[in-house]
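Worksheet: the structure to be examined is printed underneath.
When reading the values below, keep in mind they use all heavy atoms of this one structure, side chains included, and skip hydrogens, waters and symmetry mates. Letters go in sequence order (proteins before strands), and every chain restarts at 1.
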Amino acid sequence: MNINLTLIGQSITFALFVWFCMKFIWPPVIGALEARRKEIADGLAAAERGQHAQELAEKRATEHIKEAKGQASDIITQAQKRASEIVEEAKGDAKTEANRIVVGANAEIEQETNRAREQLRQEVVVLAIVGAEKVLKREVDKKVHAATLNELAAQL
Amino acid sequence: MAGEAQTASEYIKHHLQNLTYGKFPEGYDNAGSWGFAHTAQEAKDMGFMAVHVDTMLFSIMLGVVFLFFFHKAAKYATEGVPGGLQNFVEWVIEFIDSNVRDSFTGKNPLVAPMALTLFIWILLMNLMDLVPVDWLPQLAGIVGSGVFGVDPHHVYFKIVPTTDPNATFGMALAIFALTMFYSVKIKGIGGFMAELTMQPFEAKSLPVKIFLIPINFFLEFVGLISKPISLSLRLFGNLYAGEMIFILIALLYGSGLTLFVFAGVLQWAWAVFHVLIITLQAFIFMTLAVVYMEMAHHHH
């Protein structure tokens with residue numbers, strides 16, 4: 001129960017222990033605790049961010065699909081319109097072409113008819129002359145009558 | 001019991017005497033030289049120039065045990081999954097940290113480690129109280145007589161450092177010094193002196209103020225001094241009383257079979273109850289030390 005040097009010894013011992021604790025024990029443990037707390041908080045925040053991002057992505061995907069669907073139906077409508085237009089155009093073209101062919105054919109036919117008629121006329125003239133020659137050979141002067149007949153043929 | 005030749009009174013006195021190493025005073029054959037005191041009277045005569053070897057030994061040993069394990073945990077502390085020791089250390093440190101945060105609002109990196117050291121160290125020193133009172137003193141007696149050839153009755157060995165007022169006063173003094181240091185550092189000498197002299201009685205006019213200074217100083221000074229004294233005496237008193245009861249129970253063992261059994265039951269019951277006191281006193285000491293530090297950091 002005597003108070004003696006132990007008092008001072010204990011004070012110094014205590015001070016040394018506190019110093020050691022303050023220097024080598026407290027900071028690393030508290031540091032580890034803080035770091036872990038931060039890591040957990042970061043993890044939770046990241047998880048929340050991920051969830052949020054996923055929600056956004058889903059929303060965007062739905063929008064994209066909707067847009068694509070709209071575009072597709074637009075394209076189909078346009079294509080159908082274009083197809084019917086092409087059909088109409090083709091119909092018009094075909095009609096014009098047919099008309100053109102008919103006109104050409106008619107002209108050709110007329111030409112042929114005219115040529116045949118001319119040829120026929122020449123042949124008739126020659127034939128008539130031959131016939132007339134044969135008839136008149138004996139009685140009519142060939143030269144006088146030829147002039148008369150040529151005049152006649154020009155009137156045909 | 002320590003020996004057949006001892007009376008109950010001798011037995012108790014023997015248990016309450018520290019192993020003292022000191023300078024022999026005038027009047028002894030070997031006056032002026034240093035050595036172990038063989039009787040309580042010798043230890044007393046040595047006065048201030050003596051050291052309680054057992055107190056120092058056990059307090060330092062327990063402190064080193066505490067620092068060793070905590071340092072081991074701190075060195076390998078990871079922010080990942082903690083191991084068993086780290087888990088325990090973290091649990092203790094978080095407990096201390098939350099307690100300190102509750103009662104200490106200032107910014108001082110010293111306070112929390114100080115609280116941790118106080119709590120664990122005092123708890124460990126108090127725990128020595130649960131070791132049966134005769135085991136280690138008897139062992140010391142055997143070693144003393146066997147190795148050093150001393151009369152075992154003159155080998156004193158007190159294994160609970162907190163039943164030595166030197167230990168509790170030592171800690172309280174260190175805390176008192178810290179509070180004084182931070183009081184002056186935070187508030188300045190003027191602020192600290194004003195705190196000591198301008199309250200609790202306050203006055204508007206200067207003469208009355210001057211008149212009140214001695215009264216205020218007396219009250220505040222008593223309050224200031226009573227803090228370390230009450231802090232250390234509370235711990236010492238509780239543990240000393242507990243130790244005394246263990247010693248008295250131990251006395252019963254030698255008085256017949258019935259009392260032997262009764263003493264066994266009593267010792268167990270008192271030890272269970274004492275666990276509460278041990279923890280509580282360590283906690284109170286720590287909390288009050290933190291509160292005193294808080295008071296040193298704030299104007300009031």
Side-chain angles (χ1 to χ4, degrees), chain A residues 1-69 71, chain B residues 16-18 20 22 40 43-44 46-53 55-56 59-60 63-64 66-67 70-71 73-82 86 89-90 92-94 96-97 109-110 112-114 116-118 120-121 161 164-175 177-178 240:
Chain A
M1 290 282 279
N2 312 306
I3 293 293
N4 53 31
L5 282 175
T6 316
L7 183 74
I8 293 159
Q10 286 288 317
S11 296
I12 294 167
T13 310
F14 171 66
L16 284 177
F17 285 170
V18 170
W19 171 80
F20 186 87
C21 187
M22 187 173 83
K23 201 92 184 159
F24 300 108
I25 293 173
W26 194 263
V29 175
I30 284 289
L33 285 174
E34 281 300 317
R36 190 179 311 138
R37 196 167 293 148
K38 196 176 170 300
E39 200 171 304
I40 290 169
D42 285 356
L44 287 176
E48 200 156 310
R49 267 205 306 281
Q51 216 161 17
H52 193 66
Q54 198 205 346
E55 266 168 29
L56 274 181
E58 261 172 25
K59 218 164 145 189
R60 248 203 327 267
T62 335
E63 266 169 24
H64 273 304
I65 289 171
K66 217 164 125 190
E67 209 173 299
K69 267 185 188 161
Q71 274 180 352
Chain B
L16 294 181
Q17 177 56 44
N18 282 100
T20 312
K44 200 176 175 185
M46 281 172 180
F48 193 74
M49 295 307 281
V51 178
H52 290 162
V53 179
T55 300
M56 291 304 289
S59 62
I60 290 173
V64 167
F66 147 62
L67 290 177
F70 273 61
H71 182 234
K75 211 160 85 178
Y76 301 110
T78 72
E79 54 191 84
V81 182
Q86 194 192 336
V89 167
E90 278 179 5
V92 173
I93 283 185
E94 279 202 309
I96 303 286
D97 197 41
L110 175 89
M114 183 197 78
L116 173 70
T117 312
L118 279 175
I120 302 292
W121 195 31
D164 182 351
N166 286 299
T168 61
F169 270 107
M171 284 186 288
L173 270 183
I175 291 161
L178 281 174
Y240 189 78

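At a heavy-atom cut-off of under 4.5 Å, chain B is reached by Asn4(A), Leu5(A), Thr6(A), Leu7(A), Ile8(A), Gly9(A), Gln10(A), Ser11(A), Thr13(A), Phe14(A), Phe17(A), Val18(A) from residues 4-19 of chain A, listed in order of number. Scanning residues 34-59 of chain A against chain B with a 4.5 Å non-hydrogen threshold yields Ala35(A), Arg36(A), Arg37(A), Glu39(A), sorted by number.
To the nearest 0.5 Å, atom OG1 of residue Thr117(B) and atom CH2 of residue Trp26(A) are 9.0 Å apart. Between the CZ atom of Phe66(B) and the CZ atom of Phe20(A) there is a distance of 9.5 Å, given to the nearest 0.5 Å.
The backbone N or O of Phe48(B) sits nowhere less than 3.5 Å from a side-chain atom of Asn2(A) that would complete a donor-acceptor pair.
Annotation: maximal heavy-atom pairing with chain A below 4.5 Å, among His71(B), Glu94(B), Met114(B), occurs at His71(B). Each of Glu90(B), Met49(B), Lys44(B), Met171(B) has some count of heavy-atom pairs under 4.5 Å with chain A, and the biggest count is that of Glu90(B). Contact count against chain A (heavy-atom pairs under 4.5 Å) is highest for Ile93(B) among Leu173(B), Leu118(B), Ile93(B). Top candidate by heavy-atom pairs under 4.5 Å with chain A, chosen from Ala40(B), Gly80(B), Ala73(B), is Gly80(B). Your options are Ala77(B), Gly22(B), Pro161(B), Ala50(B), and the one with the most heavy-atom pairs under 4.5 Å with chain A is Ala50(B).
Proximity to chain A is limited to the backbone of Thr78(B), based on heavy atoms less than 4.5 angstrom apart.
The shortest heavy-atom contact between Pro28(A) and Ala74(B) is CB-O, 3.5 Å.
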